[in-house]
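Quick note on labels: first sequence line is chain A, next is B, and so on, each numbered from 1.
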2 protein chains.
Amino acid sequence: MRAKTSRMPAVPDAAVGLRADARQNRDRIVEVARELFADRGLDVPMAAIARHAQVGIATLYRRFPTKESLVTEVFADQFEACVSVLDDALADPDPWRGFCTAIEKVCTMQAVDRGFSAAFIAAFPDAVDIEQERDRAIQGFAELTRRAKETGRLRADFVPDDLALLLMANSGIIAESTEAALAASRRLVAYLLSAFRAEQAESLPSPAPLNLHDVLNSPASTPRPAPQAGTSPGDPPQSRSRNR
Amino acid sequence: MRAKTSRMPAVPDAAVGLRADARQNRDRIVEVARELFADRGLDVPMAAIARHAQVGIATLYRRFPTKESLVTEVFADQFEACVSVLDDALADPDPWRGFCTAIEKVCTMQAVDRGFSAAFIAAFPDAVDIEQERDRAIQGFAELTRRAKETGRLRADFVPDDLALLLMANSGIIAESTEAALAASRRLVAYLLSAFRAEQAESLPSPAPLNLHDVLNSPASTPRPAPQAGTSPGDPPQSRSRNR
DNA sequence: CGATAAGTGGAGAGACCTATCCACTTGGCC
DNA sequence: GGCCAAGTGGATAGGTCTCTCCACTTATCG
């Protein structure tokens with residue numbers, strides 16, 4: 001399975017029939033977008049991306065019809081990196097160590113890259129090939145969890161969905177500077193890994209509050225226009241005459 | 001110190017010289033705002049708040065010249081509730097138990113109220129009276145930490161600023177439904193409290209990554225216009241002639 | 001009861017942001 | 001070289017949002 005080496009750009013699939021200059025532009029767009037997303041978060045305006053990539057907005061939008069599609073493309077390989085972190089973890093002869101380092105690595109990636117964190121937690125609503133990877137990742141982590149429990153180092157009442165908990169918690173750690181975020185994330189992860197160890201099995205409250213599948217998929221806090229409490233239906237004017 | 005009973009509206013200070021009807025409106029605005037913030041987050045439009053409170057936007061803005069001021073007002077007493085949670089904790093004869101329940105309570109408040117969570121983490125840039133309370137809270141928590149360590153139940157390398165870590169992490173736990181968020185938060189807190197116990201003192205990475213004082217004060221992820229990557233200075237057009 | 005300061009609603013100014021349109025350019029094949 | 005499909009930039013439409021302005025209404029006090 002997965003014959004292709006799968007790592008690095010390797011022609012992003014959608015950039016095949018493009019004219020040379022067009023492709024160069026496309027590449028620069030993605031590159032610039034990745035950088036901007038990383039340190040300003042997902043809500044940098046499309047205009048800023050275009051400007052930094054030195055193309056017109058139109059060009060940007062022809063290549064990526066919607067902002068979401070750009071986000072998806074940009075983070076597709078970041079997600080793949082996560083998957084390969086998991087592969088490494090599964091390959092580790094010591095499952096507990098694999099478990100710990102996998103979590104540490106992914107959380108570091110999250111802490112270092114604002115946009116990645118947001119995109120990761122938020123939405124890959126379409127992204128077909130990602131969807132596949134995602135399921136593989138979930139299964140892989142379940143397997144890793146099982147093995148780690150088998151060694152007796154991971155507490156028995158840990159559930160794979162707790163990873164969702166951890167990822168969301170870690171995503172809350174967003175400091176002014178990247179360094180601070182990284183340090184904070186590291187300490188949080190250290191605390192949590194310590195809590196995951198089998199030794200102190202003080203009973204935990206509920207078994208599975210958040211679903212890992214959802215966290216890695218459902219649309220959530222993406223650039224989407226935000227909850228919207230305005231003119232939307234279900235917001236009746238409610239009479240209460242006064243004045244006039 | 002703090003002679004006044006301090007709990008419940010008790011005339012919010014700024015609503016003293018108001019005409020009867022005006023004051024009624026003001027109260028309704030705050031009440032409605034609290035509800036909306038709680039379940040839709042801080043970015044409900046001012047218009048929606050005005051509509052629900054059945055006043056014109058102008059009224060809303062005369063009472064609260066800026067959205068931030070409304071947010072501040074709304075969460076001032078919620079913050080006070082936190083402070084009193086801390087007082088309770090300090091009054092507990094068992095410091096470790098006080099420590100745990102204080103954290104549990106505050107995190108529950110955060111999980112149950114989207115807006116509170118955001119406002120808490122985010123910004124009280126002006127709010128003079130809050131500032132005072134905040135310092136008191138920080139000192140109080142430091143004292144609680146000290147006592148809890150003294151009992152030997154809290155690990156020695158815990159630092160008060162770790163509360164900032166915990167609060168930010170907990171704020172990352174925002175699910176679709178409030179119940180899910182609550183359950184998730186509870187489990188996260190349980191994990192973390194377990195990690196805070198003295199027994200497993202596996203060494204932690206860095207001592208103090210986030211500053212509690214900043215987390216409770218500095219402007220951050222408030223409704224503020226968002227990072228802004230657009231026309232702002234330091235975003236040069238960068239020549240790269242092509243076309244035209 | 002009336003005068004008047006206090007209070008009010010809603011239109012709209014000014015910023016942003018995503019996304020579209022269209023007249024113009026240019027790479028690449030003959 | 002020249003043709004033309006492929007590619008391009010910038011103006012702008014259309015949507016939000018916060019906050020301002022001003023002509024009108026009403027509580028309150030003598």
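Under 4.0 angstrom from either OP1 or OP2 of D:dT8 there lies at least one side-chain N or O belonging to A:R62. Applying the 4.0 Å criterion to OP1 and OP2 of D:dG9, one finds that A:T59 has a side-chain N or O inside that range. An OP1 or OP2 oxygen of D:dT18 is reached within less than 4.0 angstrom by no side-chain nitrogen or oxygen of B:T66. Contact check, A:N25 against D:dT8: a side-chain N or O comes under 4.0 Å of OP1 or OP2. Put simply, A:R26 has no side-chain N or O that comes within less than 4.0 Å of OP1 or OP2 on D:dG7.
Rounded to whole Å, atom P of D:dC17 lies 13 Å from atom CG of B:L36. If you take CZ of A:R40 and C1' of C:dC17, they are 15 Å apart, rounded to a whole angstrom. Distance CG (A:D21) to P (D:dA5): 17 Å, rounded to an integer number of Å. Taking atom CG of residue B:D27 and atom P of nucleotide C:dG7, one finds them 13 Å apart after rounding to whole Å. Between the P atom of D:dC19 and the CD1 atom of B:I49 lies a distance of 11 Å, rounded to the nearest Å. Separating the OH atom of B:Y61 from the C1' atom of C:dA13 is a distance of 13 Å, rounded to the nearest angstrom. Here D:dG7 presents its P atom at 12 Å from CZ of A:R23, a figure rounded to the nearest Å. Taking atom CZ of residue A:R51 and atom P of nucleotide C:dT18, one finds them 12 Å apart after rounding to whole Å.
Taking a cutoff of 4.0 Å between a charged side-chain nitrogen and a carboxylate oxygen, A:R26 and A:E73 qualify as a salt bridge. Between B:D39 and B:R114, no side-chain nitrogen of the basic residue sits less than 4.0 Å from a carboxylate oxygen of the acidic one, so the salt-bridge criterion is not met.
Using a 4.0 Å heavy-atom criterion, one finds that B:A20 contacts the sugar-phosphate atoms exclusively. Residue-level contact check: A:R63 touches the backbone only, with heavy atoms under 4.0 Å from sugar-phosphate atoms and none from bases. The residue B:A58 sits close to a base: some heavy atom pair falls under 4.0 Å.
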Checking B:L70 against B:I49 for the side chain to side chain contact (heavy atoms under 4.5 Å, CB included) test, could you report, in this order, the C-alpha distance in whole Å, the side-chain angles of both residues, the deciding distance, and whether it holds? CA-CA 10 Å; B:L70 176 59; B:I49 295 171; 3.8 Å; yes
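Listed nucleotides D:dT28, C:dG9, C:dT18 differ in distance to A:K67; the shortest reach to its side chain belongs to C:dT18. Ranking C:dA6, C:dT18, D:dG7 by closeness to the B:R19 side chain, first place goes to C:dA6.
B:R63 CZ to B:N25 CG: the interatomic distance, rounded to the nearest 0.5 Å, is 8.0 Å.
Screening A:L165, A:T108, A:L188 for a side chain to side chain contact (heavy atoms under 4.5 Å, CB included) with A:N170, the sole residue that qualifies is A:L188.
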